[in-house]
Each structure stands twice: as C-alpha cells, then as structure tokens.
Amino acid sequence: MGNNFKNMIFIANMGEDTISALNLINMHEVYKIRLNKGLLYKVKKPTLGPHHMMLDYNKKYLYITNCHNGSISIVDLIQNKVIDDICVGSCPSHMVICKKNKSIYVSNADSNSISAISLENRTLLAQIPVGRMPHDIKLSRDHQKLYVTNVGSNTLTIIDTLKNDVDQSIYVNPNPYHITLNKEGNLIFVVNTSFSRRRGGSITVLDSKDMKILDRIRVGKMPVEAILGKDESVLYITDAELNAVHVLNIKEKKLIDRVYVGRMPGSIEKDEKNQYLFVGNMQDNSITIITLQNLKCLKNIPVGIEPSGIICI
C-alpha cells in the first residue's frame, strides 16, 4: 500500500492489543494491526495494553506504549507488523520524540520515572525519577524542557533534556492528568481530572517562562484530555463521566458548548486541516467524529476494545 497514509487515522485498542486503521474518506475501519506475535493473538485477555502512539519523522514507524508489559512496540506501517520491542519502566503511558537530542521519552506510571531512549539504536539512556504516577508528557517548543504530570503527587515536573535531569517540580492542583501547550509555547494547560463527582475537575493554566500558575478554571465532572482549537481561543475537553466534549472559552473562562459523544470518552485528536475532532469512547469501543465547523457529531465508527490513543496522518 506504499507509504501514503493521507486521510488515515490510527487507534490503539488497549483491550485487545491491536491498532485500528480508519479511512476518513469512507469513514470506516479498513484493517487492524495485531501487536501480539505468534499464537499470543489468540489469548482473549490483552497482554500488552497499547495506550499511546506517536509517529517517526518520516511517518513510516509507529511507536506504541504497552502499559501491561512495560514495553514499546515499533510497527512498520508499510509491512503492517511489529519489527521491534523496547523495554522501559512499569506501566508506560505516554511518550514524545525529542529532535534536539534524538531521544524518546516515556512516562512510567508504576515506576515513578521517565525513560530516555536513544532514537538511533533504541537503547536505554537514563531512568529519571519524578513524582508519583507520571502520566502525560510534553516537550517545550525548543525541546529543552520536558513537562511531566504526576497524578499521584499533584505536581508538574520539568526535566532538562540536555542533562536528562529534573530541573524543578511544582504543585498544580489535584490529579494533573494531561497537558497541552499553545503554539508559542508560553502557556501550559493542565487537565486536572477528578475521581469524585462532588469535586469535579479543572484546567490549570501556567506561564512556561516562570512556571507560575495564572489561573484555575473549573470544568466538568471527570475531564480527561484537552486539545486547543485552530485559533487557540477554545479548549476541547473530553469528560469521561458526562460522556461529552466540553468547549471552553479560555479568555472568558466559561463553557460555551458541550457535545455528547459515546460512553467514557478519553482521548481526543484533530486533523491537520482542522475539519474534525476524533474522540475515543472506551466503553462503546468506538470513535466519534465531530465536525469543527458546527460542532455536530458526524459519525460513530466501531473499532477495537477500549480505544485509547489516536493519531491522525
């Protein structure tokens, strides 16, 4: 099929150890990539638990964190098969590729650490201790800093990628889960989820220059992940408790819309043309497509069990 993946999105199915490939023209799943090798694919209980994905620069290799077995799988998208596995820490969640030092950084939720992996030879460079239950990680615009949310210690850790060492950790309100940055890189938005219906969730806004908290905006019941709109005036936030996507006006600090999707939405992504939002519904085993022009649900597409990470090509 060559390496032309235009109008394709890939979904990590945590509950069945597969990657779904969806065609946006026909709006359906066209094939699946099995991550288990040999006879392991016949095992009903997932042994890998693919959670998050990222592409290499050439869009040939897909990297997947496997939260059940402490590894990263590397899939060749031309061959549609796993070509290598890298051991990291316990329960790896999210990862990023740092161009500055040619490294992959992986958050290990059960090891309370960040693994630094060489992108060239796929060997471990460092294990960096952070807070409790690190989950999401994002790089600064210049790739000199790595931001880590520590769900268990309610902190954000900043790592110096030149030294592969912790620069500082700051308190950012309870249960910091996911992070997103604006294009300029001067603002950091942290999604603080909630495990209590009474308390609800929030968005913590920080200035990346001095790492000062600028604002805390209460939102929803159990916010999970957020993505900025095209003009960066709004945040689209999934809420696993309310089965919805909140639309938050950042300047006015208030919700201006809410789009109901499937059950237990978590991951959220948008295409490069800013036409659609894609939401993974973990209890419905589906992807909801929302048109950004009018914020309407266009279609629910069945995928694998417990869709987690989403990547648009």
Side-chain angles (χ1 to χ4, degrees), residues 9-21 32-37 40 45-57 59-77 81-98 103-119 122-139 146-152 157 159 161 176-180 191 224-225 266-269 280 282 303-313:
I9 65 171
F10 293 91
I11 298 99
N13 301 308
M14 193 162 62
E16 66 175 35
D17 294 344
T18 64
I19 305 297
S20 291
K32 278 182 181 175
I33 303 169
R34 294 193 178 276
L35 300 180
N36 274 323
K37 298 177 182 178
L40 284 176
K45 184 178 179 181
T47 58
L48 299 176
H51 179 70
H52 179 244
M53 300 179 295
M54 65 181 182
L55 283 166
D56 73 328
Y57 306 132
K59 297 184 178 181
K60 180 183 178 182
Y61 299 114
L62 190 65
Y63 293 78
I64 305 113
T65 55
N66 299 311
C67 60
H68 294 339
N69 81 336
S71 71
I72 295 173
S73 292
I74 304 175
V75 170
D76 186 320
L77 290 175
K81 69 176 185 179
V82 176
I83 59 167
D84 203 357
D85 293 294
I86 305 171
C87 292
V88 287
S90 181
C91 193
S93 297
H94 286 252
M95 58 188 158
V96 292
I97 292 180
C98 180
S103 297
I104 303 170
Y105 290 96
V106 186
S107 61
N108 305 303
D110 287 352
S111 297
N112 300 332
S113 67
I114 301 297
S115 295
I117 308 292
S118 168
L119 190 60
R122 300 169 183 169
T123 57
L124 182 68
L125 299 174
Q127 288 280 33
I128 308 166
V130 288
R132 295 192 306 275
M133 290 180 62
H135 188 71
D136 197 12
I137 54 177
K138 291 290 190 299
L139 284 163
L146 182 72
Y147 304 110
V148 184
T149 53
N150 303 302
V151 184
T157 294
I159 291 173
T161 59
Y177 206 55
H178 280 104
I179 322 168
T180 189
V191 179
V224 178
E225 190 169 356
S267 53
I268 186 168
E269 190 56 86
M282 294 194 73
V303 288
I305 300 171
E306 295 182 27
S308 183
I310 304 172
I311 279 188
C312 300
I313 307 295

### Task
Could you verify whether a donor N or O on one side chain and an acceptor N or O on the other, from Asn36 and Thr47, lie under 3.5 Å apart?
yes
*Cut-off 3.5 Å, side chains only: do Ser93 and Asp136 have a donor facing an acceptor?*
no
Flag the pair [X] / [Y] as yes when at least one side-chain heavy-atom distance between them is below 4.5 Å, and no otherwise.
X	Y	result
Leu125	Ser103	yes
Ser308	Ser267	no
Met54	Ile104	yes
Ile179	Val191	no
Ile19	Asn13	no
Ile9	Ile311	no
Ile114	Ile159	yes
Phe10	Val75	no

Which value, rounded to the nearest 0.5 Å, describes the distance between [X] atom [atom1] and [Y] atom [atom2]?
X	Y	atom1	atom2	answer
Leu55	Leu77	CG	CG	6.5 Å
Met14	His51	CE	NE2	6.5 Å
Asp85	Arg122	CG	CZ	10.0 Å
Lys81	Ser73	NZ	OG	14.0 Å
Met95	Ser115	CE	OG	11.5 Å
Asn112	Gln127	CG	CD	11.5 Å

So, the side chain of [X] versus the backbone of [Y]: is there a donor-acceptor pair under 3.5 Å, distance only?
X	Y	result
Ser113	Ile128	no
His94	Val106	no
Asp17	Gly49	yes
Asp56	Tyr61	yes
Ser111	Ser90	yes
Asp84	Ile74	no

Only one of Ile72, Val82, Leu35, Leu48 passes side chain to side chain contact (heavy atoms under 4.5 Å, CB included) with Ile64, and that residue is Leu35
- Task: Could you please spell out the steps behind the salt bridge (Lys or Arg N to Asp or Glu O under 4.0 Å) verdict for Lys32 and Glu16?
- Result: CA-CA 11 Å; Lys32 278 182 181 175; Glu16 66 175 35; 2.7 Å; yes
Under the side-chain contact (heavy atoms from CB on, under 4.5 Å) rule, what do Asn108 and Val88 come out as? Steps first, then yes or no, please. CA-CA 8 Å; Asn108 305 303; Val88 287; 3.9 Å; yes
- Task: Mind running side-chain hydrogen bond (donor to acceptor under 3.5 Å, both in side chains) on Ser71 and Asn66 for me, showing each step along the way?
- Result: CA-CA 5 Å; Ser71 71; Asn66 299 311; 3.1 Å; yes
Check the pair Tyr63 / Val96 against side-chain contact (heavy atoms from CB on, under 4.5 Å), numbers first and verdict last.
CA-CA 10 Å; Tyr63 293 78; Val96 292; over 6 Å; no
Those residues at least two apart in sequence (or on a different chain) that pass side-chain hydrogen bond (donor to acceptor under 3.5 Å, both in side chains) with Ser118 are Asn121
| query | Do His135 and His52 have ring centroids that are under 6.0 Å from one another? | reply | no
In short, Ile310 meets Gly280 closest at the heavy-atom pair CD1-N, 3.6 Å
Could you walk me through whether Thr149 and Ile137 pass the side-chain contact (heavy atoms from CB on, under 4.5 Å) test, one step at a time? CA-CA 7 Å; Thr149 53; Ile137 54 177; over 6 Å; no
- For side-chain contact (heavy atoms from CB on, under 4.5 Å), just list the numbers for Asn150 and Thr157, CA-CA rounded to whole Å, side-chain angles, deciding distance to a tenth of an Å, and then say yes or no. CA-CA 7 Å; Asn150 303 302; Thr157 294; 2.8 Å; yes
Ring pair (Phe, Tyr, Trp, His ring centres under 6.0 Å) filter on Tyr147, not counting sequence neighbours, yields none
